[in-house]
Visitor: 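One structure, as structure tokens, below. Some questions next.
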Amino acid sequence: MQENLLYGQSRAKKILLSPALAFAVFAVFMFILFNRVPLMPGDDLIVSEMHLKYDFFDYMSYRFNTWSGRLFTDSLNFFITGELFFLWKWLCTGMIVAGSFAIYKWVTIGKEMTQARKCLFAYLCCFGFGIINSNVLSPSVFWVSGTTSYLLPFVMGIVAFTPFIFTLKNREYKVKTWLKIVSLVCAVLLAFSMEQITVCLIAAAGVTWIYLFIKTKKPRWFLLILTAVALISTLISMSAPGEALRFAANIGTFPLFETLELKQRLAIIAHYTMNTLINQSYLPLMFLWLATGIALFKKADKKVLKVFAALSVTVAVIMFVRQLSPVDSNVFGMFTQNFQMLFTFNYIDAQNISKLSQILPYVFWGISLLLIPVNIFFIWGKSERSFYYILVYFAAIASIVLMTFTPVFYYSGARTAFLPNMLFLILLYFQMTHMEKPGGLAGLIIIIAVAKLVALLVLWNTAGFPLWYGVLDTSSIPFKVTN
């Protein structure tokens with residue numbers, strides 16, 4: 001009897017600490033959320049009528065020749081906003097679970113972990129995305145036509161890059177046949193979905209292949225073929241006749257886009273990039289400053305390194321304070337007003353470049369953003385791990401800058417910040433796998449994420465379903481920009 005009781009307790013503990021349970025709980029949770037998302041006025045309802053006007057192949061030809069080469073995105077929209085809309089919640093649930101599982105494998109493969117630690121990271125990789133600003137999540141994850149352009153392509157990019165991650169972690173790794181097929185399919189479909197994510201995949205794949213070839217002198221033929229397939233597919237997609245027509249139409253949102261002087265373009269890039277990083281990616285960055293600062297402080301053997309660590313933690317605290325509402329606006333109103341200036345990025349030109357209040361946010365946060373790669377370098381030194389962690393960090397920033405090469409980067413809203421936010425989170429997860437006791441930080445992230453997602457569900461049930469585009473403030477820009 002005693003043995004049976006102990007066996008039962010052991011079995012129950014094993015189930016509760018199983019990563020599989022974490023993914024099952026996440027799947028149910030996300031299905032409930034996706035089930036509450038309706039078709040919204042605008043793109044959703046417009047596309048939902050296309051199956052009544054065109055047959056599938058005529059619609060694909062129409063879009064390819066008049067708008068873009070995003071054939072996979074358009075084909076998904078054609079079906080799931082029409083008669084097959086009931087499948088959308090199943091598709092998104094399956095894809096977001098698949099993406100979370102792939103990220104979980106990225107950060108845990110090759111590491112010795114207890115069952116409890118594996119379970120912790122499973123929940124973290126599942127629910128962690130919930131800390132992203134709701135202005136970013138709303139149009140990229142909880143908008144039907146937005147998911148086909150951002151959530152689903154992101155997951156395909158994660159899956160397509162998985163063979164590279166596995167090979168980096170184990171030089172003797174041989175890509176399994178099923179993974180070869182799946183990653184190739186995902187690379188092709190991604191190329192016909194979203195350029196921002198595709199370009200990042202190709203760049204990361206190319207850099208990784210070159211790095212592996214230099215280190216091992218082995219050509220890694222499948223990885224080379226995968227990179228080439230993604231590149232060729234992207235070139236085909238971007239050569240669509242509709243791409244030029246779409247660019248010409250989009251100029252209407254930024255009429256002076258092609259005639260900007262260099263200093264104007266640099267000012268626009270700085271304005272857009274810093275606003276996106278600090279005002280739309282703040283929680284992932286806050287936890288990165290905190291995690292890398294703590295790790296460096298524990299490892300540092302020089303005072304100057306401890307200073308860098310302390311500065312990182314201080315920046316994280318400043319970002320945290322920003323989230324707090326003043327207890328008494330009469331007392332703290334002036335503080336709040338002045339403090340908010342630190343997070344206000346105005347367009348910089350000859351008239352205000354000498355004003356400290358205009359330049360200070362750029363200088364302060366520019367230096368603060370550099371602390372993260374500096375911390376990583378001093379934690380890991382001149383190692384492969386350091387190189388790739390820093391590469392991921394700057395890839396996230398580059399994915400924001402990349403958007404400024406199209407005239408609709410302001411008009412697109414906050415959905416384009418989904419990719420950099422997720423890259424910051426992936427980097428954060430990797431950093432946390434090296435912590436001796438990541439439970440406290442991971443628990444805090446999971447609690448915040450779940451609380452925010454539950455709050456969304458409550459809002460939808462009580463006040464209807466809002467769609468937030470998260471447009472940036474362009475009032476300081478001295479020429480017409482539509483947002």
Side-chain angles (χ1 to χ4, degrees), residues 133 135-136 139 195-196 199-200 203 246-282 284-286 288-289 315 318-319 322 337-374 390 393-421 423-424 469-483:
N133 190 322
N135 284 327
V136 177
E195 300 86 349
Q196 181 195 25
V199 170
C200 287
R246 178 162 65 102
F247 185 88
N250 287 338
I251 285 292
T253 67
F254 198 153
L256 297 180
F257 178 77
E258 293 185 293
T259 60
L260 292 176
E261 297 178 5
L262 178 60
K263 61 182 180 181
Q264 293 174 317
R265 190 168 298 279
L266 292 176
I268 283 288
I269 291 173
H271 177 269
Y272 178 78
T273 302
M274 295 303 287
N275 266 297
T276 302
L277 285 168
I278 305 305
N279 294 318
Q280 293 182 338
S281 313
Y282 46 84
L285 282 172
M286 183 188 80
L288 267 175
W289 275 307
V315 172
I318 291 173
M319 190 65 83
R322 185 202 182 185
Q337 182 180 352
N338 292 329
F339 187 66
Q340 186 58 39
M341 289 175 57
L342 193 59
F343 302 87
T344 303
F345 299 93
N346 291 316
Y347 177 85
I348 300 297
D349 57 19
Q351 295 180 347
N352 62 10
I353 194 169
S354 61
K355 296 180 180 178
L356 179 63
S357 61
Q358 305 297 312
I359 297 298
L360 181 60
Y362 286 96
V363 175
F364 177 80
W365 290 110
I367 294 173
S368 298
L369 287 166
L370 287 175
L371 285 174
I372 293 174
V374 167
I390 293 174
Y393 180 75
F394 283 111
I397 297 177
S399 70
I400 299 173
V401 176
L402 180 66
M403 294 307 303
T404 64
F405 290 88
T406 173
V408 292
F409 57 99
Y410 282 113
Y411 184 75
S412 296
R415 53 187 167 170
T416 57
F418 179 70
L419 174 60
N421 270 272
L423 290 177
F424 287 140
Y469 289 96
V471 295
L472 298 176
D473 181 9
T474 59
S475 60
S476 65
I477 298 176
F479 32 81
K480 180 186 175 183
V481 177
T482 303
N483 58 4

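Owing to the predicted nature of the structure, the values given are computational and were not obtained by experimental measurement.
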Visitor: Check whether the ring centres of F343 and F339 lie less than 6.0 Å apart, and answer yes or no.
Guide: yes
Visitor: State whether the number of non-hydrogen atoms from other residues, nucleotides or ligands found under 6.0 Å of Y362 atom OH is greater than 12.
Guide: yes
Visitor: Would you check if the side chain of Q196 reaches a backbone N or O of L419 as a donor-acceptor pair within less than 3.5 Å?
Guide: no
Visitor: Distance check, rounded to the nearest 0.5 Å: I348 atom CD1 versus L266 atom CG?
Guide: 12.5 Å
Visitor: Using residues 472-481 as the side-chain source, report each donor-acceptor pair under 3.5 Å to any protein atom, sequence neighbours left out, with the distance given to one decimal.
Guide:
residue, atom, partner, partner atom, Å
D473, OD1, S475, N, 3.0
D473, OD1, S475, OG, 2.8
D473, OD2, S475, OG, 3.3
T474, OG1, N483, ND2, 3.1
S476, OG, Y347, N, 2.8

Visitor: Minimum heavy-atom separation for A417 to V136, with atom names?
Guide: C-CG1, 3.8 Å
Visitor: Can you give me the closest heavy-atom contact between N346 and H271, atom names plus distance?
Guide: C-CD2, 3.7 Å
Visitor: Using a 4.5 Å cut-off on heavy atoms from C-beta on, say whether the side chain of N279 contacts that of N135.
Guide: no
Visitor: Mind listing the closest non-hydrogen atom pair of Y272 and T276 along with its distance?
Guide: O-OG1, 2.8 Å
Visitor: Could you give the distance from CG (N421) to CG (L277), rounded to the nearest 0.5 Å?
Guide: 9.0 Å
Visitor: Nearest 0.5 Å please: distance from the OG1 atom of T344 over to the CD atom of Q358.
Guide: 9.0 Å
Visitor: If I compare all heavy atoms of M274 with all of G366, which pair ends up nearest, and what's the gap?
Guide: CE-N, 3.8 Å
Visitor: Measure the CH2-CD1 distance between W289 and I318 for me, rounded to the nearest 0.5 Å.
Guide: 9.0 Å
Visitor: Begin from the C-alpha positions of V315 and L285 and carry the test side chain to side chain contact (heavy atoms under 4.5 Å, CB included) through to its verdict.
Guide: CA-CA 10 Å; V315 172; L285 282 172; over 6 Å; no
Visitor: Only distances under 3.5 Å count here; give the side-chain donor-acceptor pairs of residues 256-265 to other protein atoms, sequence neighbours excluded, each with its distance to 0.1 Å.
Guide:
residue, atom, partner, partner atom, Å
T259, OG1, L256, O, 3.1
Q264, OE1, E261, N, 2.9
R265, NH2, F257, O, 2.5

Visitor: Starting at CG of N275, measure out to CH2 of W365 and round the result to the nearest 0.5 Å.
Guide: 12.5 Å
Visitor: If you look at every heavy atom in Y393 and L369, which pair is closest and at what distance?
Guide: OH-O, 2.6 Å
Visitor: Taking C-beta and beyond as the side chain, do F254 and F409 meet within less than 4.5 Å on heavy atoms?
Guide: yes
Visitor: For a quick test of reading the model, state the closest non-hydrogen atom pair linking S399 to C200 and the distance between them.
Guide: CB-SG, 3.7 Å
Visitor: Working to the nearest 0.5 angstrom, can you tell me the gap between I268 CD1 and Y410 OH?
Guide: 4.0 Å
